[in-house]
Every structure is written in C-alpha cells, then in structure tokens.
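Okay, structure first, notes after.
Please read all numbers here as calculations on a predicted model, not as lab measurements.
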Amino acid sequence: MCPCSMCLFMKKYSINYCFKFITAILVISAFCNSNLLAQVNIPASRALIKRIIPQHATDFVVEQLKPADKDAFEIESHGSKIILRGNNGVSVASALYNYLTNYTHCQVTWNGVNLNLPQKLPSVKHLIHKNTPYQYRYYLNYCTFNYSMSWWGWDRWQKEIDWMALHGINMPPALTGQEYTWYRVYKDMGFSDGDLKGFFCGPAYFSWFWMGNLDGWGGPLPVSWMENHRDLQQQILRRERDLGMKPVLQSFTGHVPASFQKRFPSSQLKKTNWNNGFADTYILDTKDPLFAEIGRKFIETQTRLYGTDHLYSADTFNENEPPTNDTTYLSALSARVYQGMSNADPKAIWVMQGWLFYNDRKFWNQPQVKALLNAVPDDRMIILDLAAEIQPVWKRTEAFYGKRWIWNMLHNFGGNIVLFGRMNEVANGPASAFADPGSKRLSGIGLTMEAIEQNPVLYELMTDNIWRDKPINLDEWLKQYQLNRYGHVNKYTLQAWDVLRKTVYSGGSIIRDGSESIITGRPTLDSNTVWTRTTFNYKPKDFLPAWDAIIKAIPTCRGSDGFQYDLTDITRQALANYVLPIQSKWVNAYRQKNISDFKKYSSEYLQLISDMDALLRTRKDFLLGPWLADARNQGTTKAEKDIYEQNARDLITLWGDADSPLHEYSCRQWSGLLNDFYKPRWAQFFALLEDALKSGKEANFKGFDKSISQWEWKWVNSHKNYPVQASGNSIIMAKAIYNKYRKLIGAAYE
C-alpha cells in the first residue's frame, strides 16, 4: 500500500474531486510557468524531436541559449551529435527544422511529408546562428478553428502544435474550449441551461459565435462537448506553453444571450444582425455597468480554467458596422472594452484583428480608425494587419497610429480548394515592410488564413520569412523547396514550378482567392455565382505546361509523398479549369435549342465530375469521409453524432438553412462531395433543361433554385458513411486522366 501524500489524499476524497484538484494544480502550474523568464523546457523539446524523427532523436542534443528579447537559435556539430540551442522551445524546434531542410533536405507539411534522413546525419561544419527580427509570429484566424479544426482531437492538435513550433510560430490564438468559459460565466450569474440553450451554436460555427455574428445555429450544444473541449484546451495550452508559445485567449466584447433582457430588464442591449440569414444577436452596451462586471468575470473565469499570457483577442465590429461614425463614441467604446480586460488583468494586451479596416473601408476612414485605436495605450494593443499581402492597411493608417502591429498573409477564404497565392508579395512583403521607416512599430509577421491543409508551398514560403529580414530570392528558394519536397530537382520539376509561379501563384488583381470551379456552384447558365468566382488571374492555357512537366517528372519523383500530392492537385486544377469550356458548350447548345449537342456536352460535364472524384479518391487530403467521420466521433450519443454530422455537412455546402445566402461560401473539391452532392445537383439541372428543350418552354429557374435548396437541405440532414482512407494510385490515375483529357483541354483553349 502506497504511503505517499497524494495517495492518502485520493483515499480520503472522491476520485472526481481529486481529478478536479489535480487539473486545477496543472492549470495553475502552467499559468505560473508561462510567466517565468522564457527558457527551454528540455524534456518538451526532446519529446518534440522524438515525435518528428523518432529513429534519430538520440542524435540531437538540446541546450539553452541565453534569453533574449527576440528569439534566436544555434546549430553546430559536436562529435557525432547535432547540438540545437534556443532561448525557448520554439527556437529549438526551428533549429531542428532548419537543420532538416538545409542539411538533410526534408520537409514537413500538411500535404506531404519527406523525412527520408540518411542513417548517418550530415555534420554542421560551422556554427549557425540565426535571430528573428520579429518578436511575434502569429498563426491562425478565428475561422480556421471551424473551416479546418472543428473536429480535431488531441492527436491532430499535437501534430499542428509541432508544425507551429518547427515553423517558428510563438503567438497562436487558443480558442478551443472557449464555449465552456462563456458557459461558466453565465451559469455563475444565475442563468439556467434553458436560458442558454438558444445561445450556444453547433461546433462548426463557434468562430462566428465568438465574434458575435450568430447564436444557437446548429445546436443545441451538449454540455458534454463543453467539458471535453475544456479538457482538450488545457492539453493544448500546456503543450504550447511548454514549447515557449504565448497563446492568445479571448476577452468579452458584449455578446450576451437573448435571455439576458429577461434576467436583467434594465440592461442596455443593442440588437445587431450579421445579415447572412441568421437571427439577431444581442450586444451589451459598453456604458452599461454590467459590461465591466462581466468583462472582469470573463477574464477571471478564463484564467482559472486556462491560465493567461496576458494576450486577449477582442473584435468589436466583425462585419457589423458601428451605429455611428462619431469619433467620440468610437473612442469611448474602445476604452471601455480595454478597461474590461485590464480590470481583471492589469497586464492585459488587446490583440485586434484588423479585418474591419479592410472589409469595411467605406466606414473606417482615418478619423474613425484613429479614434478606435488611440483610446488604448500604445503598449497595450497589437493590431493584426490581417490581409497585408492583398491590401496592406498599415500604409493608409500611418502604421496603425503608434500601435504595435503584425504583417499577415491571409491567402485562403472558406477552405476552398484552388491552386492560388501571391508568391511575390509573400517573398518580398514582410522584409519590405520591415525596412520601411513608415512601418514604425512593426513587431511581427503571421498567417491568418481562414483554412489550412492546402497550397503548402505558400505556408513554407511565408514562415521562411521568420528568420530573415531580407526578401526571399524565389528562384533559389523554389529549387530548395523542390529538393526538400521531392528528394530530387530536375528540369521537369523546375519547369513545372516556373509555370506555377507565373500562373496560379502570380496573384494578380484578384481580391480574394483564385479561380474556383463552377462545378461547386449552385447550377446556373452563368459562369459565376455570388460565392463561386471563376475569374482567372492567368490564362488557363498558360497553366497546362505545368501539368505537362509534372507528368514528365513522374519517373524521378514518384516515390515522394509531396510529389504525389502536387501531381494530384495540379491534375485536379487542370480539370477544374476545363469545366468552363464544357459549360460554354452545353449552354450554347441549350440556347440554340440543339438537344443532341446539349445531351452530349452535359454528359461530358457529368463525366468530368466523376473523373475528378476518382482522382481525388487516391489522396486522403481530398476525401469527404474523414471530415464527417471525425465529426461523428466527437459525439457520445447517436443524437450528438447526428448533430455534429449535420454541422459538418452544412458548413461546406449551405452554411445555413435552405435559404442561406452563404451557400457555397465554403466549398470543397473532395471525393464523395463531388459524386454525391455536386454531380446529382447538376444532373437535376440538366434534366430541367432537357425537359424544357423537349417541351419548347422556358425552364423555370426560380422554381429550380427553390426545389434544389430543399434537396440540399435534405442532403445536409442525411447520414452516410464515406471512405476515410484513400484508394487507388495517384500516379496511375493522374496519368490516365492526362491521357484522356490533355488534347481536349489544349484544343479548348485554342
């Protein structure tokens, strides 16, 4: 029988009580450790190395580098060992990744991993020392937590935190489990579960709940979810802090349940509406005394649960315009929001997404921006220039009027699948801003994409800016990227990436993402829909040589996981681009009342969708099945599983009910979704048009939109298992599709 004090304690009290006690101790410990002078947690760094390269983990030695204001790392050889030094865990992990990419030509991305290390590791002949010019390296967007992370468990989170550390990230927002903070605050204020039932949304919509855009949609949210994700958040934070990261938590901005008015009849509430098909939400006026009280309770509750690094995200007008542009009003409101943080945490720093200044440029002119920002002390606010590679706000706000700020790459909206990026802006923008005297208090760089697990080259490129203050030479960088990714560089890979750089990754004047495919849009005779924008930033025929070259590179690179992904993605893009010429043919045939040509080209259109589905089935990256299975796996009862699956289906299709104006905002070219959602939807549209041709009457397009939206809603609420593992061979399928379509596509662009 064990005589230790902990066992005696557990014998005296209930197991449940002990678990809560131990959890509290761990959270307090994490909180205390996060406020000590930054240093390397040697066991945490060693554990990361073992997770990444288990067979070579003992070849590396981790040492402490002298703490500094800005992170640094060193690499050198000592006998048969590789010494990794850093001033914290992120620096050590960055040293490891620097060694892996530059000495063993490896790569770790979401879409392809190359960790083919030699048995004997190369030695480092001269000491390598690197400093980052950026104090903050931000990563994630509110939206990423849903468009990509809605159904993640600890295993997937652990991989992502490792990826962050390897790529130099030290400032991630940590929003998992945040709903439990809200739950505890309002429960402690006397609200019942019934009062809160219509407040908490389903798990796929937390991002917009956190930002005050919607309540309740996709719910009810089980308390079991909140408790499980409270525990998951504590795991996430413990790991991030062990590696030296400073997570950003949330602050109160006034969002309250609809039942708030009943419980506090004299409260000053304002209705607001996101205008995207959802009901009003309720915002407590900052002048109401309850605002400061709830703000304090929120931070205190959150700190008890999750500790703090004194960084708090608060976004007051996310896609909602203020009631007035009066600068006095805006200053007072901003001051009160900050006061709500600082009352509970005198060290609080407000981290604000600058999306409102980009998204609503008509309202946020210089006086309004200045009023909102100047009400907060300069050292107590950090602004995220959320889409600096698209349209840098810092250039029209005098670098945010004295505030510290972070240059970010936004890149992806909605998780839509398309080859696209602004490679030149990403290679040059951060260093250019850093060298510009007008950038003033530029303090960091970051990535604020709405979704991840796509276009890995853009994320490798962006994070490579972290450890340099000069522009990246893309010619040299892309050669190294290919070597690390494929294990080989040859004339065909060089040709392919030269074309990709000049076409899909040239950015151009496109304001949002690159060209989407009309396949994923609700059926129409048009080539664009509201959320399916098919305008190209390049000539589609100019993209084809990249496809030719990547096919020719197969014999040399076929063994590379990253190559197989790229081959699949480039082939997918070639087919997705070809959709428009085929659509043009059946549209013309319909308008000319040529029924035989209409049937021929509409049949080719449907076959193209099937061929895309078969191609994408060969890569897990492009499967619908894991998204739905991961959602169901989060449930503890059939009812919960059904709610989560409905959430998962809805977010990537309708984004709301049958009348949602956001349908297809988040669309995915995924196997399963192509064959079971997009293809039958188009088949029904073609049946409508064929009937119209046979009857000689005009098709009822309005009636179709109404009926198809009901069909879509039925699909959202259905249940079906899809494969969770890839099947088939990417190389064989890509070659077959190339042989079938290459000449047809080339002829279509002549």
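Remark: R668 CZ to L616 CG distance equals 13.5 Å, nearest 0.5 Å. In this structure, CG on L410 lies 10.5 Å from CG on D385, to the nearest 0.5 angstrom.
In this view, Y538 and F536 satisfy the ring-ring contact (aromatic ring centres under 6.0 Å, His included) rule, not counting sequence neighbours. Contacts of R617 classified as salt bridge (charged side-chain N to carboxylate O under 4.0 Å, His left out), with partners at least two apart in sequence or in another chain: D613. Partners of A68 under the side-chain contact (heavy atoms from CB on, under 4.5 Å) rule, at least two apart in sequence or in another chain, do not exist in this structure.
For Q482 and T493, the side-chain atoms include at least one donor-acceptor pair closer than 3.5 Å. Checked by atom type, the side-chain pair N455/Y505 shows a donor-acceptor distance below 3.5 Å.
When ring centroids are compared, Y486 and W497 stay outside the 6.0 Å threshold.
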Got a list of side-chain donor-acceptor pairs under 3.5 Å for residues 545-556, not counting sequence neighbours?
from: W547; atom 1: NE1; to: T571; atom 2: OG1; distance (Å): 3.1
from: D548; atom 1: OD1; to: Y738; atom 2: OH; distance (Å): 2.7
from: D548; atom 1: OD1; to: R742; atom 2: NE; distance (Å): 2.7
from: D548; atom 1: OD2; to: R742; atom 2: NH2; distance (Å): 3.0

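Residues in residues 69-95 take part in these ring pair (Phe, Tyr, Trp, His ring centres under 6.0 Å) pairs, two or more places apart or across chains: F73-W467. Within the structure, every pair that satisfies the salt bridge (charged side-chain N to carboxylate O under 4.0 Å, His left out) test and touches residues 566-577, not counting sequence neighbours, is listed here: R485-D566, D569-R572.
Within the 3.5 Å criterion, the main-chain N or O of N111 finds a donor-acceptor partner in the side chain of T109.
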